[in-house]
Amino acid sequence: MDTRQTLLDHCSRHLGTLRNEGRYRDFTRLEKIAGRFPTYRWHGPGGQGPGGAREITVWSANDYLGMGTHPAVLEAAAGAVAAHGAGAGGTRNISGTSPLHAALEDELASWHGKPAALLFGSGYLANQAALSALLAALPGMEVFSDAMNHASMIDGMRRSPAKRHIWRHNDLGHLEELLRAADPAAPKVIAFESVYSMEGDVAPLHAICDLAEKYDAITYLDEVHAVGLYGPQGAGIAERDGAAARIDVIEGTLAKGVGVFGGYIAGAADLVDYVRSVAGGLIFTTALPPPTVAAALASIRHIRADAALRERLASRAAALKAALDAAGLPRLDSHSHIVPVPVPGADACRAVARRMLEEFSIYVTPINYPTVPRGTERLRLCATPFHDDAMIAELVRALGEVLRVAKAA
Ligand SMILES: *Cc1c(COP(=O)(O)O)cnc(C)c1O
């Protein structure tokens, strides 16, 4: 066998399958413009204007509060570059821990009302490293995982020896059924999210914590799509619902609502210290760059104090949903700032997104299998405080036109 040729043939065949099924991923080149969020420059094959780029409105950014280009955040990042340079220069253990890292971990712990917090290279790494470490801590551990949990949580669970039970999404009857059927002596962990990013729905935290208490389980909550956005200080759904004290581990990202980069967990001091001491995904990778850490710290301090930003996010999300409903456009029943519009079929979904961009200068991400099940493809709209009434009206007009044509075809 010619190994190299066989491998290349396999790659080509696989790419062909992806293209045939409309699942081949093209990365659209979008340039953020500081100070003008959510306006971006699109550098596409059909791009127009100076340098071949065209200005467009982005409706699918995970920078949910526009903090990625907030002046206080930019100033903190620039100041840290000038003072400390661009990179950390080592793992946390090998000269990579600065006072900024410690200050950010203190800030995160205080934000979530937990004794300790620990930074990771991303939210993905935080879930992968923390879950795989915790689920290997006690012999015979079993984990109960919501069916729509993020790939990073699934990755962490799979890397552990724990037996995995999957409960139907947000179906607490099913969760209890599985908990009741499990070995009462097995140490149990319930792993779930607060805001689910592909559905826009929200988990009933207290009801899940009630079951955790009844069956003596630890709770692990991914608040990635909620941190910055919900609760009096923006710490997430657990803060909003007064449930943070009932959650053992809160996991979050610094890359979405916070607008920067990095991930973390928060929880009991020795539990966090244990993960710090054993998790390969933390130990063997370089610490976050000081400018990133300084920017995240400035962003969180701003977010905690700015409740008006969250109120504006909520009112913009409500305005978006009302406008879609008034125009008779379909949407999933969202209870958050994320509003999915169903467009079944991978090809159809991609084609609608393509036309929105090319003809109306609006960017919406098509979500296909394997991110969501086949047949439930959708456009994922995210309202932010900066999407004004004119942008909403333009989006609804364009969507109405493109979806009507798609239906007629
Ligand atoms: C995006 C995402 C992550 C990963 O966070 P990153 O910081 O982008 O790596 C984890 N969990 C969920 C639910 C996510 O959507």
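Just so it is clear, the values below take in all heavy atoms, side chains as well, and ignore hydrogens, waters and symmetry mates. Just so you know, these numbers come straight off a predicted model, no measurement behind them. For ligands, and for the atoms within them, numbers begin at 1 and follow the listed sequence.
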Students should be able to answer this: which protein heavy-atom is nearest to [atom], and at what distance?
atom                    : value
atom 11 (N) of ligand 1 : D222 OD2, 2.7 Å
atom 9 (O) of ligand 1  : Y124 N, 2.8 Å
atom 15 (O) of ligand 1 : H225 NE2, 2.4 Å
atom 5 (O) of ligand 1  : G123 CA, 3.4 Å
atom 3 (C) of ligand 1  : H150 CE1, 3.5 Å

Charged N to carboxylate O below 4.0 Å: is that the case for R350 and E377? no

Could you tell me which atoms of ligand 1, counted from 1 in the order shown, lie closer than 4.0 angstrom to a heavy atom of [X]?
X    : value
N127 : 10 (C), 11 (N)
E193 : 13 (C)
S152 : 10 (C), 11 (N)

Within the structure, does [X] bring an N/O atom to less than 3.5 angstrom of an N/O atom in ligand 1?
X    : answer
S197 : no
E251 : no
K256 : yes

Specify side chain, backbone, both or neither for L254, according to which of its non-hydrogen atoms lie closer than 4.0 Å to ligand 1.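 No part of L254 is near ligand 1 at this cut-off.
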
Regarding S98 and H101, do their side chains bring together a donor and an acceptor under 3.5 Å, going by distance alone? yes

Can a side-chain donor-acceptor contact be found between T17 and H14 if the only test is distance below 3.5 angstrom? no

Determine whether a donor-acceptor pair (N or O, by modelled atom type, separation under 3.5 Å) exists between the side chain of E105 and the backbone of A116.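 Side chain of E105 to backbone of A116, a donor-acceptor pair under 3.5 Å: no, none is there.
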
Sort out for me which residue in H225, H169, H150, H335 forms a ring-ring contact (aromatic ring centres under 6.0 Å, His included) with Y196.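 For Y196, the ring-ring contact (aromatic ring centres under 6.0 Å, His included) test succeeds with only one of H225, H169, H150, H335, which is H169.
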
State if G263 counts as touching ligand 1 under the rule of any non-hydrogen atom under 4.0 Å.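 No heavy atom of G263 comes that close to ligand 1.
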
Can you list the steps and then say if D325 with R331 is a salt bridge (charged side-chain N to carboxylate O under 4.0 Å, His left out)? CA-CA 8 Å; D325 293 349; R331 66 174 176 90; 2.8 Å; yes

If we only count heavy atoms from C-beta on, is the D333 to D201 side-chain gap below 4.5 Å?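 Not in contact.
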
